[in-house]
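Structure first, commentary second.
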Amino acid sequence: MTTSTLALLGGKAVRHPDKNWPAWPQYDQREENALLEVLHRDSWLFGPKVQEFEAAYAAFQGADHCISCNSGTAAAEIILQAMGIGAGDEVLVPPYTFIATASAVLRVGATPIFVDLDDSWCMDPDLAEKAITPRTRAIMPVHFGGRICDMDKMNELGSRHGIPVIEDACHSWGGRWKSQGTGTIGACGFFSFQASKNITAGEGGGIVTNDEELATKVRSLTNCGRGKPGSPWYYHLNVGTNARLSEFQAAILVCQLERAEEHILRRAENASILNQGLAEIEGLHLQRKSNRITRRAWHLYCLRLDESAFGCTRERFVEAAVAEGLPITAGYPMPIYKQPVFQNLTCYDYSTVSCPFTEDLCAKSGMWLPHQILLGTEEDMHDIVSIIRKIKENASSL
Ligand SMILES: *Cc1c(COP(=O)(O)O)cnc(C)c1O
């Protein structure tokens, strides 16, 4: 069989350089009109847009309460503070996530304890169980890439030890576990609307929960520790901060949310084309599926390369894919506990931590495609499969 030469080695690329992938963020006249509407009003703060977005987002996740804020990072810190977690407490987090999941724990004075992933790329519930000590005050798994972690096991573990499960749902807008919205399966959950995220206003965050008491506390903490809406302005109950979402951001988010259902469907259809096209390729593994995920957001399309079974290194795979026109990346370069900020801490010796699955993902096997790729056409998806098949066929030349 003759195979065409890889673009990296001088052959013709599968994708013509003029053939673009979908851009991100996406907006249209709706966002422009909504921004002007706020601009021309006299209420740039505490206006109707934040309330409108919170009500719409609560409904979208099936939550009793949504409290908006200015980032996913602030959301995580505020939830931990609201739960009274601080010095001397431990919180279980995965080591393969954005830094905020773990740094939020440090910011409230508590200690993040890293629990490795299983082949779902989410926190392994059995390892979480082993990591629990009398000091553990919360479990904070991440629904990585939109793949919801095993919330049945996490909740069972949490309730057996009397500790809450906080869902880092920053990749899981609209996700459903057995028809239940992410963020409402555990005690609460938080979301990010930062520029790279599937629903975005450039920056932004949100917390959802069905726990009214927690919602009240979180609301106060995002709003300078104030009392309930309507209470005196210069009257402060809690040590809060100003982490409020602005009317301008909320105006954009209302529009983005209107597009979300359609985008979720398109990404899911395209992901299933990729799943089918890539399933049979030796040496390439997808995130383990679960039929309890009744709707999956796709923030990242994740691939794990087994170098020896596939026939080339991840580094060469990525170089070859990029040369063929596919913007795949190698993901996080190191587990969070290896970041300088953690290695330099004196409160806990992170130099002894070892999470083999995560270390393998970072060092040699993990790869992602960003979500906007999954907004492409069916032809785009077939191009991706062709590119990866071409690399497989030529792996020995890399
Ligand atoms: C983006 C992200 C955050 C933080 O959100 P920001 O809005 O950027 O502060 C937290 N956790 C995960 C998993 C994320 O991807």
Side-chain angles (χ1 to χ4, degrees), residues 24-25 53 57 61 66-81 91-108 112 114-117 120-123 138-149 151 154 165-175 182-183 186 188-208 218 221-222 241-246 249-250 252-253 256-257 287 296-302 329 331-337 339 341-342 358 361-362 366 368-372:
W24 193 261
F53 175 65
Y57 201 74
Q61 296 300 143
C66 169
I67 301 94
S68 63
C69 62
N70 56 8
S71 72
T73 302
E77 294 175 16
I78 284 167
I79 288 169
L80 293 167
Q81 190 194 344
V91 176
L92 306 187
V93 296
Y96 195 82
T97 173
F98 183 62
I99 191 83
T101 316
S103 63
V105 178
L106 292 176
R107 297 264 301 169
V108 298
F114 292 98
V115 176
D116 206 357
L117 318 180
S120 68
W121 297 43
C122 297
M123 188 190 284
I139 310 172
M140 196 150 80
V142 176
H143 302 318
F144 195 81
R147 200 289 187 193
I148 303 171
C149 77
M151 283 302 294
M154 291 302 177
V165 178
I166 302 167
E167 299 171 60
D168 180 337
C170 286
H171 295 179
S172 180
W173 316 262
T182 45
C188 63
F190 60 98
F191 296 83
S192 167
F193 308 116
Q194 178 261 6
S196 69
K197 308 300 169 97
N198 301 25
I199 293 174
T200 180
E203 297 282 10
I207 295 160
V208 304
V218 159
L221 295 179
T222 60
T241 186
N242 176 1
R244 295 183 303 254
L245 191 75
S246 81
Q249 291 167 305
I252 293 181
L253 289 173
Q256 295 272 308
L257 192 52
Q287 280 175 296
R296 194 199 140 144
W298 288 88
H299 178 56
L300 299 167
Y301 189 87
C302 298
T329 66
Y332 299 123
M334 66 186 95
I336 291 189
Y337 53 81
Q339 288 284 353
V341 53
F342 279 86
T358 296
L361 278 186
C362 295
W368 316 326
L369 287 168
H371 64 92
Q372 63 269 31

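Both counts, for ligands and for their atoms, begin at 1 and track the order of listing. FYI, side chains are in, hydrogens and waters are out, and symmetry mates aren't considered; it's all heavy atoms of this structure.
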Derivation of the side-chain hydrogen bond (donor to acceptor under 3.5 Å, both in side chains) call for Gln256 and Thr200: CA-CA 7 Å; Gln256 295 272 308; Thr200 180; 5.7 Å; no

Contacts of Tyr332 that satisfy ring-ring contact (aromatic ring centres under 6.0 Å, His included) - sequence neighbours left out: Tyr96, Trp368

Geometric class of the His299/His171 ring pair [parallel <30°, tilted 30-60°, perpendicular >60°]: tilted

Proximal protein residues to ligand 1, non-hydrogen atoms under 4.0 angstrom: Ser71, Gly72, Thr73, Thr97, Phe98, Ala100, Thr101, Val142, Asp168, Cys170, His171, Ser192, Gln194, Lys197, Gly204

Check against ring-ring contact (aromatic ring centres under 6.0 Å, His included), Phe98 and Phe144: CA-CA 10 Å; Phe98 183 62; Phe144 195 81; over 10 Å; no

Gln287 versus Arg296, side-chain donor and acceptor atoms under 3.5 Å: yes

Donor on one side chain, acceptor on other, Gln194 and Ser196, under 3.5 Å: yes

